[in-house]
Amino acid sequence: MRLRRRGDFERAYREGSRARGSVLRVVAVENGGPWTRLGLSVGRRVWRHAVQRNRVRRLFREAFRLEYASLPAGFDLILIPAQPRLRPDLDSTRRELVRLARKASRRAREKRARAGEEAS
RNA sequence: CGAGAGGUCCAGGCGAUCGCUCCACGUGACUUCUGUCGGCGUGGGGAGGAAAGUCCGGGCACCUCGGAUCAGGAUGGUUGCUAACGGCAACCGGCCGUGAGGCUAGGGAAAGUGCCACAGAGAGAAGACCGCCUACCCCGUGCGCAAGCGCGGGCGGCAAGGGUGAAAGGGUGCGGUAAGAGCGCACCGCGGUCCUGGUGACAGGGCCGGCAGGGUAAACCCCAUCCGGUGAAAGACCAAAUAGGGGAGGCGCAACGGGCGAUGAUCCGCGUCCCGUCUCCCGGGUAGGUCGUUCGAGGCCGGCGGCGACGUCGGUCCCAGAGAAAUGGUCGCCCCCUCCGGUGACGGAGGGACAGAACCCGGCUUAUCGGACCUCUCGCGUC
RNA sequence: GGGCGAUUAACUCAGUGGCUAGAGUGUCUCGUUUACACCGAGAAAGUCGGGGGUUCGAAUCCCUCAUCGCCCA
């Protein structure tokens, strides 16, 4: 499911854990539900022209769709291109998505556990 | 066959499969009875000719409205088309091309002002550097009896030729003259006037004038025509949390005064508020949501009118509606291009332009692989 | 979506129709110094963002394209 509300994005940027690779930058935050949700943030700095920008967006969405079963459940994942003028291919995006999503979600769980200890 | 001119159209095709989004119908669960869902099933729609740049013009929406003068901006051959335009069509003039055709910001320079560097004698009611001439007048001198003839110079004359310049106060030719000159004449150009044709821009012709002060208005300006501002983040509605009192209408003060207004200035009218009082009402608004939002100056086909842009009539079709923003992934066959191997049929690899709707239209401009078709021009060859 | 502005030497900027487009910093060469810096003298460096037009003449005026930046929430 796509993430679209402004508040969801702000919560992710405020509380989320990040991981960066050569293609993607992933921000992960627990959403309290049973499903994983997708947010995309592809700005004009990546590509000036809309065709190339849509290309990146659609490829990210396709990678998310194909690797959905391998992703940690119960997270909102925001995908950001790692560098301007990115020309990604599907295979490497899929591999990096899985790797970074697991890494970021692990960090998010640790962070929450630490917060729980300090609260108690 | 070769070279070229103008225009219309297409934007790789077919299929399978996994997804996204919207719509219709049926159906399930929940429900505050109005809707909600990672619901289910079936069927259907889903980027462009430029969707782009935002250079113009409109629709639509709001701003408390109407007018006058000025300022400001835009446009600039004529006649039309159109909702409108800075767009388009036809025509006129100019320039380019053998031609088909192409380009054209193309009103006014005797309304006024400014500018025209450098060079050059002179650059605007100009001027004589080199040059040409010495007819008239004066001086010197040679020849001659004399009238006179000649040479040099002066006083002067000229603007043909050279030279400068982007530009030198019409051009060519003949006559004329001391040399020259629109000084005279012919033709061309130019100005005025009249006639004819055309709605008009303008064209053609007659007569008169010897020619009348260059260029620049994408310099100021003058003339004619047009123009209110803000833009879907316009705007209408529903409405958590929080804070907490406002809103609508009538009358008077009032023949006073002040503020506000279509947001460049001034003025006039008009409206409205400020103050008092009376009556009535519960609303306003952020997050968020719904509408605006896709049926429209609409597409296609045909008839009629018009040279055409276009208009009109009839039939037919419904054709994207996202919102951190949907059109994508994979596979097969075919098409086109490039490269490699091969004599070849063929095989293999890579590639398929520019580019992505954001309220909607009409244009302009710019980007663009390649292809189809129509009309026309020139050259060569053959019959 | 809408609206403004800028582009001139490697850098920061002048130049608003007319001679070879200038200034500061920087760079290079020479001098000075044992050497370096400072200082002095000199030099190089420009499609004036690209293209087209107006004009005798354009960095300057007009049109168009490109790039960069800012504002409206």
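Order of the sequence lines sets the chain letters (A, B, ...), proteins ahead of strands, with each chain counted from 1. Below, all heavy atoms of this structure are taken into account, side chains as well, without hydrogens, waters or symmetry copies.
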Counter-base of [N], judged by Watson-Crick or G-U geometry with both distances under 3.5 Å:
N	result
B:G87	B:C81
B:U8	B:A372
B:C251	B:G276
B:C346	B:G341
B:A326	none
B:C145	none
B:U75	B:A224

Is B:U294 in the syn or the anti form, by the rule that syn lies within 90° of 0?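 Nucleotide B:U294 adopts syn.
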Spacing of A:T36 atom OG1 and A:E30 atom CD [to the nearest 0.5 Å]: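 Reported to 0.5 Å precision, the distance equals 11.0 Å.
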Within this structure, what is the CZ-OG distance for the pair A:R57 and A:S41, rounded to the nearest 0.5 Å?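 One finds 9.0 Å between CZ of A:R57 and OG of A:S41.
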Exam field: side chain [X] to backbone [Y], donor-acceptor pair closer than 3.5 Å:
X	Y	value
A:R18	A:A104	no
A:R53	A:V46	no
A:K103	A:V26	no

Heavy-atom side-chain contact between A:L71 and A:L97 under 4.5 Å: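 In contact.
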State, yes or no, whether a side-chain contact exists between A:R37 and A:F64 at a heavy-atom distance under 4.5 Å.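 A:R37 vs A:F64: side chains apart.
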Euclidean distance for [atom1], [N] against [M] (whole angstrom):
N	M	atom1	result
B:A47	B:C319	C1'	13 Å
B:G6	B:A100	C1'	8 Å
B:C129	B:G97	C1'	45 Å

By the definition side-chain contact (heavy atoms from CB on, under 4.5 Å), identify the one residue from A:D89, A:L79, A:T93 that meets it with A:V23.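 Result: among A:D89, A:L79, A:T93, A:T93 is the only option passing the side-chain contact (heavy atoms from CB on, under 4.5 Å) with A:V23.
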Where along residues 48-59 of chain A does a heavy atom fall under 4.0 Å from RNA chain B?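 Hits under 4.0 Å, by residue number: A:H49, A:A50, A:V51, A:N54, A:R55, A:R57, A:R58.
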Measure [atom1]/[X] against [atom2]/[N] and give the value in whole Å, please.
X	N	atom1	atom2	result
A:R65	B:U327	CZ	P	11 Å
A:D89	B:G328	CG	P	18 Å
A:R11	B:A287	CZ	C1'	17 Å
A:R45	C:U67	CZ	C1'	16 Å
A:W47	B:G356	CH2	P	12 Å
A:E10	C:A73	CD	C1'	13 Å
A:R44	B:G356	CZ	C1'	13 Å

Checking one residue: A:L90. Which other hydrophobic residues are in its cluster under the side-chain 4.5 Å linking rule?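 ILVMFWY cluster around A:L90 also holds A:L59, A:L66.
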Determine which bases of RNA chain C form Watson-Crick or G-U wobble pairs with both distances under 3.5 Å, and write the result as a 5' to 3' dot-bracket string with | for other-strand partners. ((((((((.[[[[.)..(...]]]].(((((.......))))).....[[[[[..)....]]]]]))))))).
Tell me, yes or no, whether the heavy-atom count around A:R99 atom CZ, taken from other residues, nucleotides or ligands under 6.0 Å, exceeds 12.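 Yes, because the 6.0 Å sphere around CZ of A:R99 holds more than 12 heavy atoms from other groups.
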Please determine if a side-chain N or O atom of A:R61 lies less than 4.0 Å away from the OP1 or OP2 oxygen of B:U327.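 Answer is yes, contact under 4.0 Å.
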Return whichever of A:S41 or A:P34 has its heavy-atom-nearest nucleotide of RNA chain B closer to the 5' end.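 Of the two residues, A:P34 wins.
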